[in-house]
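Structure record follows, encoded as C-alpha cells.
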Amino acid sequence: MKNQITHIFFDLDHTLWDFDKNSILAFNKIFQNDFPTVNTDKFIEHYIPINQACWKLFQVDAISHEELRYRRLKDSFDAINITISDAHINQISEDYIRFLPDFNHLFEDALTVLEYLNERYELHIITNGFAEVQFKKIANSNLEPYFTTITNSEMAGAKKPNPIIFEHALVKAKATKAESIMIGDSMDADVIGALDFGMKAIFFNPNQIEVEDFIPQITTLAELKLIF
C-alpha cells in the first residue's frame, strides 16, 4: 500500500476534528447564556447518537439540510423531556452553527501525523459537512496548511458515499484511484463509499467497533505513521 499511494484523503469531523468535544463546548456556551436550566451533559448524551442517525439519513438524501438541523435538536430535547418552541430550536440551531467552528479541538496526534504525512504525500479532505462551517473549522484549527485540496459535498453536488463526490475530489486533486486512499470514521460514507468507488480505504475506529477482517483499521491517528 505504502509504495502505491501518493494522495491521502481524510474525512474531517470525527476523524481529525473532534466533533463531540467541540459540540459540548458550543452547547455549553449556548445553554449557559440563554437556557441555564438545560443540563448540557444530559443533552449531549442523547444528541450525539441522534445527530449521527440524522447524518446517516442526510447522506442518502432522506432528509434535507434544514430537517437535519431541526430534528437533531428537537429529538434531543424530547429525549430529556424538555418542551421547547420551534422558535427556540431555530435560535439554538443558528447559534450552534455560529459558535461550533470557534472551538478547535482535534484528535490526539492529528497535527503531528499531518506534519509527518505532508512531507511524503499530497493530503486532501473530503467532507459532507456544510461548506461555510467546515472551512471555518479547518481555518480555526490550523489544518489548512496541510491540505492541497478540500472537497465539500455542496461543491461536488453529492455526499459520501455517492461516487460523484469521490470522482470530484480526485479530479480536483489530479489523482487516480490507484494512487489514492480514504481515511475516515464512517464505515458507510468513508470506507464502503471509497471501496465501492475503487479507492483503498482505512477505517478510523477509536471506539473499536467490530468490523470485517478485510477492512484495514486504526484506533489512533498515530498508527498512520507506522502504515505510511
Side-chain angles (χ1 to χ4, degrees), residues 1-19 22 55 58-61 65 97 100-107 109-204 216 218 221-225 227-228:
M1 180 188 296
K2 180 177 180 179
N3 293 333
Q4 298 171 344
I5 299 301
T6 55
H7 294 266
I8 301 176
F9 293 81
F10 282 91
D11 177 47
L12 180 62
D13 293 334
H14 303 286
T15 300
L16 296 172
W17 197 82
D18 194 333
F19 184 92
N22 293 320
W55 270 99
F58 180 67
Q59 284 167 185
V60 296
D61 297 319
H65 175 176
I97 294 298
L100 185 61
D102 292 341
F103 300 100
N104 58 9
H105 288 279
L106 301 174
F107 277 91
D109 296 318
L111 293 181
T112 302
V113 169
L114 291 175
E115 190 77 38
Y116 170 85
L117 294 175
N118 194 38
E119 295 177 356
R120 296 161 174 81
Y121 302 89
E122 292 284 330
L123 305 183
H124 314 272
I125 285 177
I126 308 177
T127 173
N128 281 352
F130 309 131
E132 182 180 356
V133 179
Q134 299 303 78
F135 283 115
K136 286 180 181 177
K137 289 177 185 175
I138 290 166
N140 290 345
S141 54
N142 299 317
L143 290 173
E144 199 168 12
Y146 299 102
F147 294 98
T148 305
T149 69
I150 298 168
T151 296
N152 184 276
S153 55
E154 291 178 27
M155 66 176 69
K159 312 176 195 75
K160 295 175 294 183
N162 192 311
I164 291 173
I165 190 171
F166 291 103
E167 182 64 36
H168 183 99
L170 290 190
V171 170
K172 189 172 183 180
K174 299 179 182 177
T176 66
K177 295 179 185 181
E179 62 189 7
S180 302
I181 192 166
M182 179 74 205
I183 301 170
D185 72 291
S186 171
M187 179 59 67
D188 293 332
D190 298 315
V191 178
I192 301 302
L195 292 175
D196 285 349
F197 176 65
M199 286 173 63
K200 297 175 183 67
I202 295 175
F203 181 41
F204 178 53
I218 56 173
L221 292 176
E223 291 172 59
L224 292 174
K225 295 172 75 172
I227 297 172
F228 297 105

| task | Would you give the length of the straight line joining atom CD1 of I97 to atom CD of E132, rounded to the nearest 0.5 angstrom? | result | 9.5 Å
| message | Please give me the minimum heavy-atom distance between M199 and S180, naming the atom from each residue. | response | CE-CB, 3.9 Å
| message | I'd like to check I202 versus L224 (side-chain heavy atoms, cut-off strictly below 4.5 Å). Are they in contact? | response | yes
| How long is the span from the NZ atom in K137 to the CD atom in E144, to the nearest 0.5 Å? | 15.0 Å
| Which atom names give the shortest non-hydrogen contact between Q59 and N128, and what distance separates them? | CG-ND2, 3.4 Å
| What distance separates H7 NE2 from L170 CG, expressed to the nearest 0.5 Å? | 8.5 Å
| query | What pair of heavy atoms forms the shortest contact from A156 to I165, and how long is it? | reply | CB-CG1, 3.7 Å
| said: So does L114 get a backbone contact from the side chain of N118, meaning a donor-acceptor N/O pair under 3.5 Å? | reply: no
| task | Nearest 0.5 Å please: distance from the OG1 atom of T149 over to the NE2 atom of H168. | result | 8.5 Å
| said: Going by side-chain hydrogen bond (donor to acceptor under 3.5 Å, both in side chains), name the residues that satisfy it together with T148, two or more places apart in sequence or in a different chain. | reply: E122
| field | Exercise: identify the closest heavy-atom pair between S186 and A189 | value | OG-N, 3.0 Å
| said: Using every non-hydrogen atom in the two residues, find where S141 and L111 come nearest and quote the distance to one decimal. | reply: O-CD2, 4.4 Å
| message | Determine whether a donor-acceptor pair (N or O, by modelled atom type, separation under 3.5 Å) exists between the side chain of N152 and the backbone of G129. | response | yes
| task | To the nearest 0.5 Å, tell me how far T151 OG1 sits from F166 CZ. | result | 10.5 Å
| said: For P101, is there any backbone N or O sitting under 3.5 Å from a side-chain donor or acceptor partner on N140? | reply: yes
| request: Report yes if some heavy atom in the side chain of D188 is under 4.5 Å from a heavy atom in the side chain of V60; otherwise report no. | output: no
| query | What do the steps show when you test L221 against F204 for side chain to side chain contact (heavy atoms under 4.5 Å, CB included), and what is the final call? | reply | CA-CA 8 Å; L221 292 176; F204 178 53; 3.9 Å; yes
| request: May I ask you to check whether W55 and F130 place their ring centers less than 6.0 Å from one another? | output: yes
| request: Could you tell me how the ring of F19 sits relative to the ring of H14: parallel (under 30°), tilted (30 to 60°) or perpendicular (over 60°)? | output: tilted
| field | For the student: nearest non-hydrogen atoms of K200 and A178, plus distance | value | NZ-O, 3.4 Å
| task | For the pair F10 and F147, name the ring-plane relationship: parallel under 30°, tilted 30 to 60°, perpendicular over 60°. | result | perpendicular
| said: Quick one, D61 with K159, criterion side chain to side chain contact (heavy atoms under 4.5 Å, CB included). Give me CA distance, side-chain angles, the key distance, then yes/no. | reply: CA-CA 9 Å; D61 297 319; K159 312 176 195 75; 2.3 Å; yes
| field | Result of checking T15, D13, L12, V191 against D185 for side chain to side chain contact (heavy atoms under 4.5 Å, CB included) | value | T15
| task | Could you give me the CA-CA distance, side-chain angles and deciding distance for Q4 and I181, then say whether side chain to side chain contact (heavy atoms under 4.5 Å, CB included) is met? | result | CA-CA 10 Å; Q4 298 171 344; I181 192 166; over 6 Å; no
| Measuring from I125:CD1 to W17:CH2, what's the distance to the nearest 0.5 Å? | 12.0 Å
| said: Checking the side chain of K172 only, and the main-chain atoms of I150 only, is there a donor and an acceptor separated by less than 3.5 Å? | reply: yes
| Expected output: side-chain E154 to main-chain A131 donor-acceptor under 3.5 Å | yes
| query | Would you call K160 and D11 a salt bridge, taking side-chain N to carboxylate O under 4.0 Å as the test? | reply | yes
| task | I would like to know whether L143 and N104 meet side chain to side chain contact (heavy atoms under 4.5 Å, CB included); could you show each step before the answer? | result | CA-CA 10 Å; L143 290 173; N104 58 9; over 6 Å; no
